[in-house]
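A short write-up of the structure that comes next.
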Amino acid sequence: MNRQEELALKDLKYIWHPCSQMKDYEELKPIVIKKGKGSWLWDYNGKKYLDVVSSWWCNLLGHCNKRISKAAKKQLDTLEHVIFANFTHKGAIELCEELTKVLPKGLKKFCFTDNGSSAIEAAMKMSFQYHYQTANPQKTRFMALTDAYHGETIGALSIGGVDLYSEIYKPVLLDIIRIEGPDCFRCPYGLNCKNCEAQCIKKAEEAFEKWGNETCAIVVEPLVQAAAGMKIYSPKYLIKLRELCDKYNIHLIADEIATGYGRTGKMFACDWAGITPDIMCLSKGLTGGYMPMALAVTTDKIYNAFYADYLEGKAFMHSHTYSGNPLAVSAACEVLKILKEEKIIEKANIKASYFNSKIVETFQNHKNVGDIRSIGLINAIELVKDKNTKEPLDSKLRTGYQIYKKALKKGVILRPLGDVIYFNPPLTINKKEMDYAIKVAKECLDEVLN
Ligand SMILES: *Cc1c(COP(=O)(O)O)cnc(C)c1O
């Protein structure tokens, strides 16, 4: 038995992996990764894998990025952590100052948490407490869209609308007002999202009218519902939602955990709509995928509703041990510098148009390709049984998973979302790597579906 196999077996003895049926690992053993560089990962056999899923969408600028590693190492020898109540450090201040320069106008106050789900929870609590303290204690509920994904903790899971993750927990979840969201591939209005007027906002209008008075906030993933299969919708929907939120005094919480940091071709997906949410949640690309950290960023208006003499009891009594962790912050500061100095997003946009046109050219005529959608470097291919009726494949066949396994053999990590195959690579991916990813995806698709 070689080192790779030995470690894989030992792994299975101890580790319960995320989002996995562990029995699947009998056939497909965990791949033990030894090192990473750029868009690539290497196992103990020296076999390399192209990380086109950015290690769950967080790796922004390649693995072991020289500049981020250097910044983190420097921080490691200076200050590893400090309590963030009453204490602070230069990196955290610098990070917020720099972020205010790129965030939608008006987002100025930063609450640090340590993962995406916890940033969502903080945002929800913050919104509820704001209304409570501004004479609207009847506002106790949250709205969210069908097919939403906002994380795995009980509050975040409650607002999520993907049954695969939440169905079984329904008895312990919050009572959410679920709004039928945009579904551009199977648009019930028969429209094309490139030139529609987001007529589907009607469902939100109805819900706001009915439940607006008891609602604190609506949480949405702006433009891309990533976990649902990279479902993309029009910025017009966001513009209209912003107007509705203003009309009914409901907070718009933008979950930019997956869409922020240039993934959609602009710094934030909200920028496509030119809107400022009341609270924005950031994580994943925030530290370039180096360290777990997240932010719930908000406006002076919300912040000021908590600002009072201590005995009024209006403080936001929310904390995480690792709030503002200096190591994570050092990575996050360097990420912002790299984005700016190396013009990463501008360059990624040039690559994105090449990537997308080549994907369309390669896959559009395949009999099982129902939809190809893209924004920024994100490209998704939805496989269907019948192109004309858009009838899905039988999910029991696990077609996406079969393609994933084949692609792994060829050294590409094409982890699917059901029967949606997607690419969401580091923004630093190069042309040769894009070509390779497409070539392997095409071969595997043909092998599984022909
Ligand atoms: C990943 C993700 C989350 C949850 O973040 P975690 O760090 O995994 O808790 C929330 N919302 C969206 C849109 C995400 O993609």
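What you are looking at is a predicted structure, and each value in this text was computed from that prediction instead of being measured. We count ligands from 1, going down the list as the structure has it; atoms in each ligand are counted the same way.
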Note: Glu206-Lys202 ion pair, threshold 4.0 Å (strictly below): yes
Check if Ile120 has a non-hydrogen atom at a distance under 4.0 Å from any atom of ligand 1. no
Do you see a protein non-hydrogen atom under 4.0 Å from atom 8 (O) of ligand 1? no
Can Arg242 and Asp278 be counted as an ion pair, charged N to O under 4.0 angstrom? yes
When you check the side-chain N and O atoms of Thr259 and Glu256, is any donor under 3.5 Å from an acceptor? yes
Heavy atom under 4.0 Å from ligand 1: found in Trp57's side chain, backbone, both, or neither? side chain
At a 4.0 Å threshold, what atoms of ligand 1 neighbour a non-hydrogen atom of His150? 10 (C), 11 (N)
Atom 2 (C) of ligand 1: closest protein heavy atom, distance to 0.1 Å, is Lys284 NZ, 2.6 Å
NZ/Lys23: more than 12 non-hydrogen atoms of other groups inside 6.0 Å: no
Salt bridge between Glu98 and Lys337, side-chain N to carboxylate O under 4.0 Å? no
Mind checking whether Glu221 contacts ligand 1 via backbone (N, CA, C, O), side chain (CB onward), both or neither, at a 4.0 Å heavy-atom cut-off? side chain
Enumerated ligand 1 atoms positioned under 4.0 Å from heavy atoms of Asp255: 10 (C), 11 (N), 12 (C), 13 (C)
